[in-house]
Amino acid sequence: MRLLAFLIVILAPALAFPRLGLHEGYTRLVFDLEAKTQYQLSQTPDTLTLRFSGVAPNASDTDVSSPQVASYQVVPAAGGATVFVRLRPSVEVKTTVLNDGNRRRLVVDVVSVTQPAQNPPQASTRPEPPKPRSQPKTVVIDAGHGGIDPGAVGFVVEKEVTLDLALRLQKLLRQQGVEVVLTRSSDTHLSSDKATDLGMRAEMANSKRNLFVSIHINSAPNVAQGIETYYFGHTIDPSLLAQVIRENGGGELGRRLTLEAQSVGERLVRDLIAQSNLKFSRQLAHLVHGAMLQATGALDRGVRQAPFYVIRNARIPAILVEVGFANHPEEGRRLQKSEYRQALAEALALGILRFLNNGG
Ligand SMILES: [Zn+2]
């Protein structure tokens, strides 16, 4: 199948999606569309997100390294694709649509915004200090759920707390020179189809990043509290399955995705690269888990393995944290508090930095 796909690419080279142009002062991305193609744009300070329906590009992750754009990523989904453009600071996005019969071109220009200089630049005879050679580390933070999917609801709503924690964590890591990719930076789902949604999040755990952390809030039919940290693995523990099914989309869908992830778990046992990655995931899990317990004094529910769909195929260290129970009368209320969330975010950052500094 892979060979066939390869041959098709050779025999019928499609136009790149997007076509990229580097110009003085701006980076241009051109999307060739059909008249029926729908798209939506949204933008945060560091990411421009374009969602297309009715296109079928290949997945890609491309470093641009222009002064305006760091990279872009194309993530195919059912019936379309999402393109994430990672923006540099001090840029403005301008879009133009050009109609040409039944073809359309969406032109996205990412333009440098020059700050007015305080002082005229001075001629200097001193050479610039050498830039540090080490590559910045990049981590992917997944704020669980979002948009139409609230996740667990109790004294707090899971999707709100996970987003808040992800944004706090992003800020803390950036202060330490770590690059952060968020799977979402507002109250939104990535797809209204949960399997596609989880697949798109998982796709972001690609080999150009250093690690992946998915943040969740727990809930239980009985009163329970505490913090759990997971890395991927097969489980036969029936007490875990209800929770895993819920995080995997719930209901019939959750059961199906859990079975799928379980079968990935069985295959991984024979996959050496995956096994060595799991070792790093376990290490990351212990560092993050320990830091969270120390910072919060929360009940220790352990580091465990379970078939969470969102981390099933990660080729970088990947964990899923359940930072507390939404419906516990004390823990749920603690999770409402800004100081408690900040303590959690700082602990997550600390665990992640410890792992990165160990060469992870
Ligand atoms: Zn969740």
Side-chain angles (χ1 to χ4, degrees), residues 140-169 182-202 204-205 212-222 224-233 235 237 239-258 260-262 281 285 288-289 292 296 298 301-312 314 318-328 331-332 334-336 340-341 344-345 348:
V140 185
I141 305 297
D142 174 37
H145 312 271
I148 52 171
D149 172 15
V153 177
F155 293 93
V156 289
V157 177
E158 180 174 6
K159 68 170 182 175
E160 290 171 12
V161 184
T162 59
L163 176 60
D164 186 36
L165 288 172
L167 292 170
R168 288 170 191 265
L169 180 54
L182 297 178
T183 58
R184 65 183 179 97
S185 54
S186 60
D187 180 16
T188 176
H189 44 270
L190 277 62
S191 166
S192 55
D193 172 58
K194 190 69 190 174
T196 308
D197 181 284
L198 289 172
M200 288 168 75
R201 293 169 198 254
M204 293 190 208
F212 179 93
V213 177
S214 186
I215 302 174
H216 290 262
I217 307 288
N218 223 327
S219 72
N222 305 317
Q225 63 172 315
I227 295 178
E228 296 167 352
T229 304
Y230 289 92
Y231 60 106
F232 184 78
T235 184
D237 180 348
S239 71
L240 271 184
L241 275 180
Q243 178 194 354
V244 173
I245 288 169
R246 184 172 55 72
E247 295 289 25
N248 286 344
E252 262 318 298
L253 172 80
R255 259 184 282 280
R256 177 167 67 76
L257 297 188
T258 302
E260 240 181 273
Q262 287 270 42
S281 298
V288 167
H289 190 70
M292 286 196 291
T296 61
R301 296 175 61 92
V303 171
R304 311 165 86 171
Q305 280 182 282
F308 287 110
Y309 191 77
V310 73
I311 51 172
R312 75 197 186 290
I319 60 172
L320 184 148
V321 294
E322 296 275 5
V323 301
F325 282 76
N327 62 341
H328 187 274
E331 198 167 54
R334 271 202 293 278
L335 285 165
Q336 293 173 341
Y340 191 73
R341 293 181 186 184
L344 274 171
L348 286 164

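All values below were derived from every heavy atom in this structure, side-chain atoms included, with hydrogens, water molecules and symmetry-related copies excluded. Remember, it's 1-based here, ligands and their atoms both numbered in the order they're listed.
Y340 is listed as a side-chain neighbour of T296, based on a closest heavy-atom distance under 4.5 Å.
Under the 6.0 Å cut-off for aromatic ring centres, H145 and H216 qualify, their centroids lying closer than that. Checked against the 6.0 Å centroid criterion, the rings of F232 and F308 do not qualify as a close aromatic pair.
The minimum heavy-atom distance linking R304 with E228 is given by the pair NH1-OE2, 4.0 Å.
Under 2.8 Å from the Zn ion (ligand 1), one finds the following protein N/O/S atoms: H145 NE2, E158 OE2, H216 ND1, E247 OE1, E247 OE2.
Put simply, the residue from K194, R201, R184, R246 that forms a salt bridge (charged side-chain N to carboxylate O under 4.0 Å, His left out) with D149 is K194.
Ion pairing between a basic and an acidic side chain is recognised when a charged N comes within 4.0 Å of a carboxylate O; R256 and E252 show no such pairing.
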